[in-house]
Amino acid sequence: MADKVKVALPDGSKKEHAVGTSVEQILREFDPSLAKTALVASLNGRTVDLSEKVGEDSEVRFFSFDSEQGREAFWHSTSHVMAQAVRDLFPGVKLAIGPSIEEGFYYDFDTEDPFEPDDLERIEKRMREIIKQDFAFRREEVSKSEAEEIFRQGGESYKLEILSELEGDTAVLYRHDDFVDLCRGPHVPTTGVIKSFKLLSVAGAYWRGSERNPMLQRIYGVSFPKREELDQYLKRLEEMKRRDHRVLGKELELFSISDEVGPGLVLWHPKGAMIRKVIEDYWLEEHLKHDYQLIYTPHVARLHLWERSGHTGFYQENMFSTMKVEGEEYQLKPMNCPFHILIYKSKLRSYRDLPLKLAELGACYRYERSGVLLGLSRVRGFTMDDAHIFCKPEQLEEEVIKLLDFSLSMLRTLGFDDYQIFLSTRPEKSIGEEQNWDTAQEALRQALESQNLEFEVDKGGGAFYGPKIDLKIKDVMGRPQQCTTIQFDFNIPERFDLTFVDSDGNFHRPIMIHRALLGSLERFFGVLIEHFAGAFPLWLSPVQIRIMPITDEQNPYSAGVERRLKEEGFRVELDDRNEKINYKIREAEKEKIPYMFIVGKKEVQDKNLSVRRHKKGDLGRFDTDEVIDKLKEEVKKKAPEPVSF
RNA sequence: GCCGAUGUAGCUCAACGGUAGAGCAACUGAUUUGUAAUCAGUAGGUUGGAGGUUCGAUUCCUCUCAUCGGCUCCA
């Protein structure tokens with residue numbers, strides 16, 4: 001056996017090291033400054049501790065906190081420190097799991113008494129002590145039976161359960177101080193590298209996410225190598241709170257959800273309703289341009305329809321209970337598709353009719369469990385911007401391409417040009433011919449590839465009735481938001497025996513695509529509010545302009561301006577209250593009204609306007625016609641940013 | 001649905017088991033004001049709801065409804 005190995009370094013160079021040299025030693029030699037920030041490394045693609053020793057020719061990489069691997073190890077290590085702190089302070093708790101997550105980490109504990117928010121401070125204090133002592137994280141490979149012994153003694157039943165499901169004969173333990181955990185690793189070198197952290201919240205969580213299992217207590221936290229990074233993170237949380245659509249929705253009088261109406265049912269107030277109407281108008285205009293036909297359908301239908309569509313079978317738990325009318329059961333609709341299908345079926349369809357595209361802003365009602373409702377994001381009554389496309393198999397790819405293009409252009413106009421795309425394929429439990437699935441999945445993939453769109457494949461993530469493409473937009477805070485969905489359906493055309501007459505004179509089954517571009521108007525509105533922090537672009541603003549006379553001497557002139565602007569199609573208000581101009585401005589700014597026209601003596605005399613823009617301040621005095629032209633242009637362009645004056 | 005927290009005036013928040021208070025908003029009056037809060041006065045509450053403990057409950061207990069943070073699912 002050779003006593004030297006070749007190590008390929010990140011800069012492409014190669015170096016010989018003795019077998020058993022630690023990654024850390026290699027790193028120190030390679031780049032002493034990187035050695036200060038590196039947390040973990042990889043050997044031939046396998047992420048490892050810095051203390052790992054090389055045993056064969058390897059390609060080595062180093063990861064600091066700025067990489068995914070580095071962050072994961074960092075957060076995961078913090079969760080171990082937290083687990084020790086909890087174990088020290090609350091003897092008798094059992095440890096479940098404590099992974100890193102997208103932003104931070106959590107650890108699940110089984111404890112008789114749930115943690116209280118005050119406990120977090122105590123735990124933090126103990127964590128600081130553990131960190132200060134700078135314990136090394138030590139990796140240890142033991143036989144399964146050895147590990148079993150350790151956890152049996154500790155009464156760690158969850159660890160034993162995980163252990164029993166591990167493949168192979170060995171288990172990996174990580175120790176620091178007197179704390180031991182079953183863990184794949186890797187970890188950062190010592191507890192001391194965790195310079196700043198914060199425990200954020202306590203929450204209940206089921207063991208392995210299933211409600212049949214015991215409820216555990218989960219503590220969430222986040223940590224960083226530098227104090228400033230934690231501060232920045234906390235600032236971001238503040239910013240998210242400031243943008244919260246539930247808060248802004250109340251402040252700006254956009255919508256409310258009333259106890260008396262019921263949970264998850266939205267009241268659109270005049271200002272929210274105006275924004276919705278502008279979006280709807282734009283939506284309809286675009287759909288007509290894209291060869292869709294507008295339809296309207298009822299909110300309820302005989303239960304029979306839902307039996308035929310299959311919803312009473314596979315969707316029952318999400319539906320409101322039925323109601324009885326004249327001895328007949330009726331069902332509030334959770335979806336629009338059966339109605340659209342009946343319109344398709346209302347006459348004999350020829351291949352010349354295809355693709356047939358029926359679109360509707362359809363109000364749907366779904367039973368959502370009380371614990372999951374959330375502002376506008378998760379409701380029980382919502383409006384889907386729904387459409388169904390009936391087409392021939394060979395039209396599929398082209399239709400999907402058109403859909404993607406349509407969706408992206410509409411979202412761009414509404415202010416979103418950052419997104420992620422997911423292609424979800426056949427799940428285990430599914431219906432339909434395998435060949436149909438393959439063709440359909442291939443069509444979706446081809447469509448995405450031909451448009452040079454990057455996408456991730458969610459294997460087995462499709463609906464049981466067909467594959468789908470989902471599009472998540474990223475809002476201004478970088479949070480992904482479920483939005484467009486394009487789903488094939490092999491089930492429902494079958495159930496309703498949909499046909500068309502092809503050029504060969506025979507009946508064939510059309511393919512049906514369900515699609516929603518915005519998703520639901522309610523959820524989309526919530527995303528929109530947070531994206532713009534309530535300061536909507538001019539074309540969407542419920543009140544576009546407020547005219548503010550300085551004294552009541554200017555009221556008549558201001559009223560004339562108001563009339564003129566209304567005639568020009570602007571949504572405008574006149575603030576002729578007996579208040580100081582500063583006060584009027586303050587209120588208009590707080591209401592995030594895009595334009596304020598201030599009218600004093602000078603403006604009346606010169607028959608012009610002083611223009612103030614929300615957040616920007618005074619823009620100066622301008623000729624009225626010029627201002628109107630500029631603003632019209634801004635509206636017409638649906639400009640996300642104000643035009644320049 | 002489950003675990004935990006919360007629920008007081010339109011909003012934001014106070015009030016040791018002893019008849020509930022402030023700021024903002026609203027209303028009235030004065031003030032006629034030049035780019036983010038003029039001054040004064042008035043009114044506003046079955047303390048989410050129902051029960052219980054107590055001489056007495058916003059405060060303690062039980063149930064219930066809703067909201068928030070999560071678990072799961074999705075538009």
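Note on naming: letters A, B, ... go to the chains in the order of the sequence lines (proteins, then strands), and numbering restarts at 1 for each one. As a basis for the values below, the full set of heavy atoms in this structure was taken, side chains included, without hydrogen atoms, waters or symmetry mates.
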Q: For B:A20 and B:U59, measure between their P atoms and round to the nearest Å.
A: 13 Å
Q: Report the residue (A:K602 or A:S210) whose heavy-atom-nearest nucleotide on RNA chain B is the more 5′ of the two.
A: A:K602
Q) With A:E165, which residues qualify under salt bridge (charged side-chain N to carboxylate O under 4.0 Å, His left out), at least two apart? A) A:R208
(Q) Quick check on RNA chain B: between A:D259 and A:Q487, whose nearest nucleotide comes earlier from the 5' end? (A) A:D259
Q.
Against A:E530, only a single residue in A:V247, A:D244, A:V476 fulfils side chain to side chain contact (heavy atoms under 4.5 Å, CB included); can you say which?
A. A:D244
Q.
Less than 4.0 angstrom between a side-chain N/O of A:R246 and OP1 or OP2 of B:U67, yes or no?
A. no
Q.
Counting primed atoms plus P, OP1 and OP2 as sugar-phosphate and everything else as base, spell out the protein contacts along nucleotides 35-46 of chain B at 4.0 Å heavy-atom distance: B, S or - for each nucleotide, 5' to 3'.
A. BBBB--------
Q: Would you confirm whether the ring centroid of A:Y158 sits within less than 6.0 angstrom of the ring centroid of A:F109?
A: no
Q: For A:F382 and B:A75, say yes or no: do the ring centres fall under 5.5 Å of each other while the ring planes differ by less than 30°?
A: yes
Q | Phosphate-side-chain proximity, A:Y220 and B:C71, N/O vs OP1/OP2 below 4.0 Å | A | yes
Q. Under 6.0 Å between ring centres, would you say that holds for A:Y465 and A:F490?
A. no
(Q) Given B:G34, B:A26, B:C73, identify the nucleotide with an atom nearest to the side chain of A:R378. (A) B:C73
Q) Under the 3.5 Å rule, do the base of B:C74 and the side chain of A:R523 count as making a donor-acceptor pair? A) yes
**Q.** Separation of atom CZ in A:R218 from atom C1' in B:A5, rounded to whole Å
**A.** 17 Å
Q | Ring center gap for A:F488 and A:H514 short of 6.0 angstrom | A | no
Q | Residue A:P263, side-chain atoms from C-beta onward, closest of B:C71, B:G69, B:U67 | A | B:U67
(Q) From C-beta outward on A:M215, which listed nucleotide comes closest to its side chain: B:C71, B:C2, B:U72? (A) B:C2
Q | Phosphate OP1/OP2 of B:G1 contacted by A:S370 side-chain N/O (<4.0 Å) | A | yes
Q) Once the angle between the rings of A:W306 and A:H311 is folded into 0 to 90°, is it parallel (under 30°), tilted (30 to 60°) or perpendicular (over 60°)? A) perpendicular
Q. Using 4.0 Å as the upper bound for N to carboxylate O, is an ion pair formed by A:K630 and A:E634?
A. no
